[in-house]
Undergrad: 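I have a structure here, written as structure tokens, and I will follow up with some questions on it.
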Amino acid sequence: MSTTPGALAGSVTPADSPPLSGERIIELQDISRIYSLGGVETPALNHVSFTITRGEFVAITGPSGSGKTTLMNLIGCLDRPTSGRYLLKGKDVSTLSEPELADARNAQLGFVFQNFNLLARTSAAENVALPLVYAGTGRAGARRAQQLLGLVGLADRTEHTSAQLSGGQQQRVAIARALANDPAIILADEPTGQLDTRNSGEIMAMLRELNHSRGLTVVVVTHDPTIAALADRMLTFRDGQMGSDTRNPSHAAATATSLVWDSMTPLKLGRSAGQRLADLLIMTFQTAARALVRNKLRSSLTVLGIFIGVVAFITMVAIGHGAQQAVAKQLQALGTNMVIVLPGAINQFGASGGAGTSATLTVDDANAIALQDPAVLHVSYLIRVSGAVTYGAKNWTTMIQGISPSYLVVRSWQLAAGREIDQQDEVNALRVCVLGQTVVQQLFPKGENPIGRVIQVRGVPLRVIGVLTSLGQSGFGQDQDDIVLIPYTTAQEAVLGPSRVAPLPAISTPPGTHFIVPADLPQNLYANLQANNLDLTPRIDNVVSILMVQARSSTLIRPVIRQVTATLREQHHLRPGTADDFSVRNLSQIVQVRESSSRILTLLLAAVAGISLIVGGIGIMNILLVSVTERTREIGVRKAVGAHRSYILMQFLVEAVLLAAAGGLAGIAVGIAVSLLMARALHWATYISPGAVIFSLLFSGAIGIFFGFYPARKAARLDTIEALRYE
């Protein structure tokens, strides 16, 4: 059960109240402390009993190894006795939980260590404020720390670190820290052991003044008989046992000093748990940030795994989302209610050439679908071939498509300038064309208007009547703007020439005569097979490369597929049970296949990124374990001035999270930069997902918490006295 500071066996006596004579504040009853090392037991204290009342100044003396420091650690709640009872202000210390012991050290006891035990690379003010932070005094604690340093004569040294202070100044800082929470008891272990005579006198005078003016109970461990002579009472120890308990009826005079408390900021310990937690978090973040800055190279190497993982994840998501958006854009351009009909496949010698290798679709099929299928809104068709286009001295090889007038409507493709190909162009086979943006950029100088210009398309002059808006790359990496559109009839009669059916039976006929259709060819598209008057290869009129069927709504896709299939089987005179000589494909299905492949690649890259993050997390765990070892004494000091285990745990968890977050933030920045550079250099579609950015940061923090928990727990569970003794 946790208690608030000052709640243990009553509150601290106010400064202006006289000492309560005879009140037992420290009571040891048959205390023993035995250390066990390698199976060998060594007694440090053996059945020690004595009582110290409020306001006493007690000196504990004896030779080295007599148990003085062990006794001081027991009185200061830094260690527990092996047997016996220790009552602090009437409360049995053995019954206190870990948080209650920490609160007792924070509020009731002020410890001045022999070797000062100040936090390295931390200012004097921050050292003094440390108990105040754990007590939850807020900003008032920072002001009080400044005032306490002024009280001990270090007003001009508040921002100096311990390395920048002399021994006497460090001991003054330690005394100021011990006084921070107005404790009832000051415990000083060899407070002058590392000081010269002048500083020793000043420190003892300060302790004597605190005993007289504040009524504080002062317990001093010393080897120096002159120091012991300043006390009201002297306890002598030898071999772990108390030899004598004598009083100094007239103790030696100490150097005069004056400690003025009138202007001190009073303690306010009634702050809420939330406010105390906020103060602790601020202090913890400052400590963690300072630790990272002190070890820049080590911190940078530690977060490298997190950094690489986040860069890979951000880049992967950007490219994956970009590809998905490109596919979605293409689907949107074609329409979600679109059905594509492809001709059948050539079958020769038992091998299939694949869908679209045989010419089995005609304009008549498109007209039949438009007339007979009620779920169909528009039908468009096209014939296409790659060819060269020229304008002046420039030429470019592009895709040439002969289209029906409804093509742009079905594609939902807008014009940037000019007009589209209409029915009159189709009927009259006019020599006109509409250009894509890529073709315009390749043929025409910048700033020149292509509308009305005449270009050569496969050697045939055509007038430009329109320019298409840019669609960019398709989801399959094709440039949709690299295209020339011409009327279907113009393409068939003048530019491309009618498509041929393959394979054709071997037919020998003089030029200018009609073909005789073999009886074993049932398809009606062979009915108009004619030779041309230029003595070229025989051709079939009205064959198309693809049919594009637009449903009246996206909910009618399945009915459209059924109706189109039935109409085409009827058109092609296919008997029941025979296979279709065409294929009907739903664009949504095509996109789903594409997205499925993209998801597999995304998962693969995510696995790589995840491995990098795990490696980074292991690095964080490793470096925190090293940090715990390096800062063992610091952990002991924090616990000695009142830090709970949970506070130590939180401190190292915050450091782990900061390390991971630093790697995550750097990885996000570089990942975004890499994605943008790849989009610019390789012309890949990318999309920076805010969700991916937030997820990366949160996941990095989660990695820090997961891998930082074990080192943090190890730090929190360190024994206070063992941590203080660590070298």
Side-chain angles (χ1 to χ4, degrees), residues 285 288-289 292-293 295-333 470-481 591 594-620 623 654-708:
F285 272 102
L292 296 182
V293 171
N295 303 283
K296 297 183 183 67
L297 181 59
R298 187 172 75 177
S299 300
S300 300
L301 294 175
T302 300
V303 303
L304 193 58
I306 299 290
F307 169 79
I308 294 173
V310 171
V311 169
F313 181 77
I314 293 292
T315 306
M316 171 268 299
V317 171
I319 295 175
H321 280 200
Q324 291 176 4
Q325 285 198 339
V327 173
K329 185 178 179 181
Q330 182 186 19
L331 179 61
Q332 185 178 9
S470 177
L471 289 185
Q473 288 188 342
S474 70
F476 302 93
Q478 298 173 337
D479 185 359
Q480 300 181 87
D481 300 320
V591 172
R594 172 71 177 177
E595 289 181 343
S596 177
S597 301
S598 177
R599 280 195 297 269
I600 292 174
L601 180 60
T602 299
L603 289 174
L604 185 61
L605 293 175
V608 174
I611 292 172
S612 297
L613 289 172
I614 291 173
V615 171
I618 294 172
I620 289 176
I623 208 65
V654 167
E655 290 190 23
V657 170
L658 278 183
L659 278 170
L665 288 173
I668 288 171
V670 174
I672 292 174
V674 169
S675 302
L676 296 177
L677 287 174
M678 292 179 67
R680 183 182 296 272
L682 303 178
H683 304 289
W684 287 359
T686 59
Y687 171 71
I688 308 300
S689 170
V693 171
I694 295 173
F695 175 79
S696 298
L697 189 59
L698 293 179
F699 190 72
S700 299
I703 286 287
I705 292 174
F706 181 80
F707 285 97

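Quick caveat: nothing in here was measured; it's all calculated off a predicted structure. Numbers for residues simply follow the sequence, beginning at 1.
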Undergrad: Please report the interatomic distance OG1(Thr302) to CG(Leu297), rounded to the nearest 0.5 Å.
TA: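 Spacing of OG1 (Thr302) from CG (Leu297) equals 9.0 Å.
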
Undergrad: With sequence neighbours excluded, tell me which residues meet ring-ring contact (aromatic ring centres under 6.0 Å, His included) with Phe695.
TA: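 With sequence neighbours excluded, Phe695 shows a ring-ring contact (aromatic ring centres under 6.0 Å, His included) to Phe313, Phe699, given in chain and number order.
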
Undergrad: Taking all non-hydrogen atoms of both residues into account, name the closest pair between Ile306 and Ser700 and its distance.
TA: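 For Ile306 and Ser700, the tightest heavy-atom pair comes out as CG2-OG, 3.8 Å.
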
Undergrad: Which residues pass the ring-ring contact (aromatic ring centres under 6.0 Å, His included) test with Phe707, not counting sequence neighbours?
TA: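 Phe707: no ring-ring contact (aromatic ring centres under 6.0 Å, His included) contacts found.
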
Undergrad: Look up atom CG in Leu304 and atom CD1 in Ile308, then write down how far apart they are to the nearest 0.5 Å.
TA: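 CD1 of Ile308 is found 4.0 Å from CG of Leu304.
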
Undergrad: Give the minimum heavy-atom separation between Ser675 and Ile314, together with the two atoms involved.
TA: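 Nearest pair, atom of Ser675 first, then Ile314: OG-O, 4.0 Å.
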
Undergrad: Which atom pair, heavy atoms only, marks the closest approach of Val317 to Ala692?
TA: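 The answer is CG1-CB, 3.5 Å.
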
Undergrad: What heavy-atom pair brings Ser299 and Leu659 nearest, and what distance separates the two atoms?
TA: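 For Ser299 versus Leu659, the nearest heavy atoms are CB-CD2, 4.0 Å.
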
Undergrad: Please round to the nearest 0.5 Å and tell me the distance separating atom CG of Leu697 and atom CD1 of Ile694.
TA: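 The CD1 atom of Ile694 is 8.5 Å from CG of Leu697, to the nearest 0.5 Å.
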
Undergrad: What are the two closest non-hydrogen atoms of Gly708 and Ala656, and how far apart are they?
TA: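 Closest approach of Gly708 to Ala656: CA-CB, 3.8 Å.
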
Undergrad: Which heavy-atom pair separates Asp481 from Ser470 by the least distance, and what is that distance?
TA: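 Closest pair (atom of Asp481, atom of Ser470, distance): OD2-OG, 2.7 Å.
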
Undergrad: State the CG-OG1 distance between Leu676 and Thr315, to the nearest 0.5 angstrom.
TA: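 Spacing of CG (Leu676) from OG1 (Thr315) equals 9.5 Å.
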
Undergrad: How would you list all residue pairs meeting salt bridge (Lys or Arg N to Asp or Glu O under 4.0 Å) that involve residues 690-699, not counting sequence neighbours?
TA: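 Listed once each, the pairs would be none.
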
